[in-house]
Amino acid sequence: GAVVSQHPSRVICKSGTSVKIECRSLDFQATTMFWYRQFPKKSLMLMATSNEGSKATYEQGVEKDKFLINHASLTLSTLTVTSAHPEDSSFYICSGLRGGPSDEQFFGPGTRLTVL
Amino acid sequence: RKEVEQDPGPFNVPEGATVAFNCTYSNSASQSFFWYRQDCRKEPKLLMSVYSSGNEDGRFTAQLNRASQYISLLIRDSKLSDSATYLCVVFGNQFYFGTGTSLTVIP
């Protein structure tokens, strides 16, 4: 399978700070990347779809000014959680879409964010 | 109605057992189907894509029934290491995830 890295894997920050999470596709080009968050024992919730060179498409209820997404290249997308609050604490996972007939997604290892 | 529905389980089975999971989807125009495996506090990993003709990978068999709009995953000869949550994923105009089915294989 294809490899997606995510950095950092874990971050603890104070309320009000901004946190940047990087997602990289290491061995394929991902014109589309996705950002999810996951609460304990729940399924993934799609936050936004990130397309290289264009603005991200956010799901209903996700604040685009709160969760800034930049997909600067075919191998890198970033998610910045601005002015983080404790309710933003979650597991954030990115994925890259490997093109081809089967539309397979490959996930990064996730970032566990804890906002104090 | 949810786009993708799965029985959350949990399924607790003895080692060596055969276990099957089903997943139904609502959009008949869905194009691609997948099973992912997710271990606790880890990211989902692609287990297998599901093809119209059905496909097998070792102890795992996936099938698609377009007429009834469901996909299935069969695990034969369960191992302790198969314990995980299995996510059904369907792609139509976007990816839709099931809530996952929890499997615990007991020694």
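So you know, we letter chains A, B, ... as the sequences are listed, proteins then strands, and number each from 1.
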Quick check: is M47(A) connected to F34(A) through a chain of hydrophobic side chains (ILVMFWY, heavy atoms under 4.5 Å apart)? no
Y36(A) reachable from Y58(A) in the ILVMFWY side-chain graph, under 4.5 Å edges: no
In terms of heavy-atom proximity below 4.5 Å to chain B, should Q105(A) be classed as side chain, backbone, both, or neither? both
Check step by step if side chain to side chain contact (heavy atoms under 4.5 Å, CB included) holds for F34(B) and E104(A). CA-CA 8 Å; F34(B) 311 91; E104(A) 292 170 346; 3.7 Å; yes
Proximal component of F107(A), with respect to chain B [non-hydrogen, under 4.5 Å]: both
Could you look at Y36(B) and say if it's the side chain, the backbone, both or neither that has a heavy atom under 4.5 Å from chain A? side chain
Is the number of heavy atoms from other residues, nucleotides or ligands within 6.0 Å of NZ (K66(A)) greater than 12? yes
Polar side chain donor-acceptor pair, Q6(A) to E43(B), under 3.5 angstrom: no
State, yes or no, whether a side-chain contact exists between L46(B) and R98(A) at a heavy-atom distance under 4.5 Å. no
hydrophobic_cluster_shared for F91(B) and W35(A), side chain cutoff 4.5 Å: no
Look up atom CZ in F95(B) and atom OG1 in T32(A), then write down how far apart they are to the nearest 0.5 Å. 9.0 Å
Side chains of T85(B) and S43(A) in contact at under 4.5 Å (non-hydrogen atoms): no
Worked check of side chain to side chain contact (heavy atoms under 4.5 Å, CB included) between L46(A) and Q94(B): CA-CA 10 Å; L46(A) 179 65; Q94(B) 68 176 69; 3.9 Å; yes
Are I71(B) and I75(B) co-members of a hydrophobic cluster defined by side-chain heavy atoms under 4.5 Å apart? yes
For atom CD of Q38(B), is the number of surrounding heavy atoms from other residues, nucleotides or ligands below 6.0 Å larger than 12? yes
With clusters defined by side-chain heavy atoms of hydrophobic residues (ILVMFWY) lying less than 4.5 Å apart, directly or transitively, does F67(A) cluster with I93(A)? no
